[in-house]
K.L.:
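Input: one structure, supplied below.
Computation of the quantities below employed the complete heavy-atom set of this structure, encompassing side-chain atoms and omitting hydrogens, waters and symmetry-equivalent molecules. Predicted model only: the values in this text are computed from it and were never measured. Naming convention: chains lettered A, B, ... in sequence-line order (proteins, then strands); numbering from 1 in each chain.
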Protein chains: 2
Amino acid sequence: MVSSEALAERAGTTGAQVRKDLSSFGSFGTRGRGYGVDPLHARIREILGLTRPWQVALVGAGRIGSALHAYPHFRDRGFRIVAILDMDPAKIGGAWEGTPIRDVGELEAVVGAESVEIVILAVPASAAQPLAERAAAAGVRGILNFAPVRLRLPEGVEVNNVNLAVELEALSHALSLEDARR
Amino acid sequence: MVSSEALAERAGTTGAQVRKDLSSFGSFGTRGRGYGVDPLHARIREILGLTRPWQVALVGAGRIGSALHAYPHFRDRGFRIVAILDMDPAKIGGAWEGTPIRDVGELEAVVGAESVEIVILAVPASAAQPLAERAAAAGVRGILNFAPVRLRLPEGVEVNNVNLAVELEALSHALSLEDARR
DNA sequence: GCCAGCTTGTGAAAAACTTCACAAGAAAGG
DNA sequence: CCTTTCTTGTGAAGTTTTTCACAAGCTGGC
């Protein structure tokens with residue numbers, strides 16, 4: 001068992017916050033005892049939609065793509081990278097750990113054939129928008145976008161942006177504030 | 001010139017929000033016209049602390065480290081990766097684009113010699129906490145942490161976490177919600 | 001020089017989120 | 001079986017953030 005307070009300490013928040021958040025998905029704690037770790041874990045996996053695997057295509061076989069492909073926590077949580085696409089002829093025809101790198105021109109075909117629901121976009125900023133549009137048109141439901149552009153896509157396509165420069169800039173801002181306070 | 005509404009559209013928010021946010025740093029728009037692009041850009045760089053370069057050490061020369069080192073937008077914004085550290089003897093002694101890869105045992109020495117203020121931590125989860133502590137003790141002020149652990153550090157050290165698995169999980173959650181609505 | 005048309009900056013209102021605080025319930029020990 | 005101890009779940013209070021709405025102010029044209 002684990003208490004809301006113990007969870008809060010690990011997550012960097014308060015017990016009340018943890019309880020409020022969890023209670024919005026139903027009440028599965030036990031008063032006086034806390035939350036059972038296994039049931040809680042199972043429930044969170046359910047809430048996050050991790051109880052079934054997701055078919056993922058990796059678009060962009062550059063350095064970021066390479067890092068993401070090797071990232072063990074994706075596979076752990078049921079994200080299956082079923083295809084890798086790139087536009088560089090030097091890379092097309094190669095393979096990463098058995099998964100072939102295919103021509104990005106085949107995007108639509110791959111999405112259809114492999115029932116791809118999520119695309120990880122790890123391409124240069126200039127290539128991102130058209131590729132995202134093609135993926136969306138081909139039926140992809142979610143895009144994890146590493147390109148530093150805000151994608152404009154039709155309603156119904158979920159986009160999650162990761163902008164590495166912004167993360168460093170946030171640090172820079174925080175440190176500058178410190179400096180200014182002195 | 002650019003209006004708050006135009007900025008808002010690009011950023012995915014509202015004009016009122018943009019104006020409130022900007023006004024908290026002083027008023028540098030012109031009524032009836034909007035904001036001058038160049039002054040606005042300069043002011044934001046100032047606010048983010050990007051008017052001077054930051055000395056950065058990259059700890060972890062794996063795939064993520066490699067992607068980050070090659071990421072052009074860091075250098076663009078004044079983040080100078082002045083040192084690369086790793087624990088793998090096969091990598092130590094090598095170099096990336098002229099920057100030598102050094103033994104992570106030299107962390108403290110490097111931080112001192114190069115006046116490193118920011119560390120990018122791109123190491124496995126198990127190695128992150130001790131390395132973060134060492135960096136903090138050596139005088140590093142900010143850490144950009146890619147390891148999926150919550151670092152516990154003394155007050156005054158800024159930490160910014162990037163958790164790639166969480167980003168995909170957020171997508172998964174959003175798509176599951178859609179499914180549930182049907 | 002004045003009027004018309006825009007757009008900022010900002011109080012006030014509304015909404016969202018967090019914290020407080022405590023009744024309700026569960027378990028362990030006697 | 002009763003009492004003590006602990007921790008959840010949740011209304012209410014408090015705080016923060018966002019939206020609304022409009023006076024203030026700039027610019028261009030006449």
K.L.:
Between residues 1-19 of chain B and DNA chain C, which residues have a heavy-atom gap below 4.0 Å?
P.N.:
S3(B), S4(B), R19(B)
K.L.:
Could you tell me the separation between the NZ atom of K20(B) and the C1' atom of dT8(C), rounded to a whole number of Å?
P.N.:
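The answer, rounded to whole Å, is 12 Å.
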K.L.:
Please, which pairs that meet side chain to side chain donor-acceptor pair (under 3.5 Å) have at least one residue in residues 149-164 of chain B, sequence neighbours excluded?
P.N.:
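Those involving residues 149-164 of chain B are N145(B)-N161(B).
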K.L.:
Between dT8(C) atom P and F28(B) atom CZ, what is the distance in whole Å?
P.N.:
12 Å
K.L.:
Drop me the distance from E167(B)'s CD to F146(A)'s CZ, to the nearest 0.5 angstrom.
P.N.:
7.0 Å
K.L.:
Listing request: all side chain to side chain donor-acceptor pair (under 3.5 Å) pairs with a residue in residues 89-107 of chain B, at least two apart in sequence or in separate chains.
P.N.:
R102(B)-E106(B)
K.L.:
Near DNA chain C, counting only heavy atoms under 4.0 Å, which residues of residues 31-42 of chain A show up?
P.N.:
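Per residue number, the list reads R31(A), G32(A), R33(A).
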K.L.:
Within a strict 4.5 Å, meaning less than it, do heavy atoms of the L85(B) and L131(B) side chains meet?
P.N.:
no
K.L.:
Provide the start and end nucleotides, 5' to 3', of the part of DNA chain D that has atoms under 4.0 Å from heavy atoms of chain A.
P.N.:
dC6(D) to dA12(D)
K.L.:
Starting at CD of Q55(A), measure out to CZ of R80(A) and round the result to the nearest 0.5 Å.
P.N.:
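Going from the CD atom of Q55(A) to the CZ atom of R80(A) covers 5.0 Å.
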K.L.:
Is it true that the side chains of R45(A) and T51(A) contain a donor and an acceptor less than 3.5 Å apart?
P.N.:
no
K.L.:
Can you check whether V56(B) reaches V82(B) side chain to side chain, under 4.5 Å on heavy atoms?
P.N.:
no
K.L.:
Does D179(A) have any side-chain hydrogen bond (donor to acceptor under 3.5 Å, both in side chains) partners at least two apart in sequence or in another chain, and if so, which?
P.N.:
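With neighbours one apart ignored, the set is R52(B), R141(B).
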K.L.:
Hey, what do you get for CZ (F79(A)) to CG (L58(A)), rounding to the nearest 0.5 Å?
P.N.:
14.0 Å
K.L.:
Grab the two heavy atoms, one from V37(B) and one from V2(B), that are nearest each other, plus how far apart they are.
P.N.:
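Closest approach of V37(B) to V2(B): CG2-CG1, 4.0 Å.
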